[in-house]
Structures are given as structure tokens and as C-alpha cells.
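Sequential numbering from 1 along the given sequence is applied to the chain's residues. Given the structure is predicted, the values throughout are model-derived calculations rather than measurements. Keep in mind that the numbers below use all heavy atoms, side chains included, and drop hydrogens, waters and symmetry copies.
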Amino acid sequence: MNGSRITLRNIILNYGIYIAFVGICIVFAILNDRFLSARNFENILIQASIIAIAAIGQTLVIFTGGIDLSVGTLIGSTGILVGLAASNGLGIPGLICIGLLVGLTLGLINGFLIGYINIPPLYHHAGHPGGMPRHPPGSLAGPAVFDLSARV
């Protein structure tokens, strides 16, 4: 550490997040014998991939001097519509098409508002809750995509 003393404070400041991560992994491994399984790691990677892809896109937005808070709303809206289609029995190819079309359409609307109307990406997000409902009509009263009540 370039001549500085090794103290508990320096260790926590430099390595605290890693220590916390290892500690949490140890606790979960003790509580659940399947935590360190390959299937669980695969599940974690699959779930994190959506956030990682969005983070790459958000990084590009930040590099250009903006910040776009609508990314989560776009992912959520797309997920809700794909989930509704899945609960109505649509197959995997159709779900992929719906996800791509909804994401592309909403992304093009955002791009148009930012690129051609010159609305800063931070401000156009304020209009999204009205323009893109987080819960499409019938989604709250419709059947659950995954019934978790049997697992509780």
C-alpha cells in the first residue's frame, strides 16, 4: 500500500465489498445446501444478464453526457407484456417476437424524443408512467404467470 500502514480501516475501505460478498455466500451456503450448485449459478447468471445488457446500454448513454431513467420502465413494460402473452399460451417464438417488437418500438420512441425533439433523456422519463403503463389493462386481475402459492 505504498508506505501506508495496513490498518483495519484501510482493509475495510479497500476490500470491504469483497469481504461482505464472501460472508454472504458463506451464510447462504450454510443455510441452503443447493446454494453452491451449478444450477443456482446458472440461474443467477441468467437473471443478471438482463441487468448487464441494460447496464452496457446505460453506460453508452452516460458517455454521451446523458442519463436515461426509463430503462427500467422499458424492461418492466416489455416483461409484463411478454408475461401476459405467455399466460395466454403463446409459444416461445411468439414471445421472443413480442419482446423484441415492444422493446424496439419503445426504444425508437425514446430515441426519437431524445434525438429529434431534443428532450433530455432525464426529463422525458417523467412522461413514461402515463405514456407506457407499468401495468397493462387486466394484468392485475388476470391469472398469475407463475403460481408461487403452492411453494409457500
Side-chain angles (χ1 to χ4, degrees), residues 12 14-152:
I12 291 174
N14 291 321
Y15 304 106
I17 192 72
Y18 304 111
I19 295 168
F21 177 72
V22 170
I24 289 171
C25 287
I26 290 170
V27 168
F28 282 122
I30 292 169
L31 294 175
N32 188 337
D33 60 341
R34 290 175 282 179
F35 179 74
L36 295 176
S37 69
R39 178 71 180 137
N40 188 46
F41 283 118
E42 178 185 358
N43 189 28
I44 291 170
L45 290 174
I46 289 170
Q47 292 178 3
S49 65
I50 296 169
I51 296 171
I53 292 168
I56 291 168
Q58 189 66 20
T59 301
L60 297 174
V61 171
I62 292 171
F63 281 158
T64 63
I67 186 160
D68 188 356
L69 299 177
S70 67
V71 174
T73 304
L74 293 175
I75 292 171
S77 298
T78 303
I80 287 171
L81 292 173
V82 169
L84 286 172
S87 68
N88 289 324
L90 191 62
I92 299 291
L95 295 174
I96 292 171
C97 289
I98 286 178
L100 291 174
L101 287 174
V102 170
L104 179 67
T105 302
L106 297 178
L108 285 173
I109 291 170
N110 277 351
F112 177 77
L113 291 173
I114 295 166
Y116 293 103
I117 307 297
N118 292 324
I119 298 175
L122 182 63
Y123 300 132
H124 87 277
H125 172 70
H128 279 213
M132 292 183 297
R134 294 174 193 260
H135 304 288
S139 66
L140 296 178
V145 176
F146 298 107
D147 184 13
L148 299 177
S149 61
R151 297 182 186 202
V152 179

Distance (rounded to the nearest 0.5 Å) between Leu104 CG and Leu74 CG: 11.5 Å
Within-4.5 Å side-chain heavy-atom neighbours: Leu36 and Phe28: no
From CG (Leu100) to OG1 (Thr105), nearest 0.5 Å: 10.0 Å
Under 3.5 Å, which donor-acceptor pairs do the side chains of residues 45-54 form with other protein atoms, sequence neighbours left out?
from: Gln47; atom 1: NE2; to: Asn43; atom 2: OD1; distance (Å): 3.2
from: Ser49; atom 1: OG; to: Ile46; atom 2: O; distance (Å): 2.6

CG (Leu31) with more than 12 external heavy atoms under 6.0 Å: yes
Gap between atom CG of Leu106 and atom CD1 of Ile75 - 0.5 Å precision: 11.5 Å
Gap between atom CD1 of Ile24 and atom CZ of Phe21 - 0.5 Å precision: 8.5 Å
Closest non-hydrogen atom pair, Asn40 against Arg34: CB-O, 3.7 Å
Point-to-point distance, once rounded to the nearest 0.5 Å, from CG of Leu95 to CG of Leu84: 11.0 Å
Nearest-0.5 Å distance that lies between atom CD1 in Ile96 and atom CD1 in Ile98: 11.0 Å
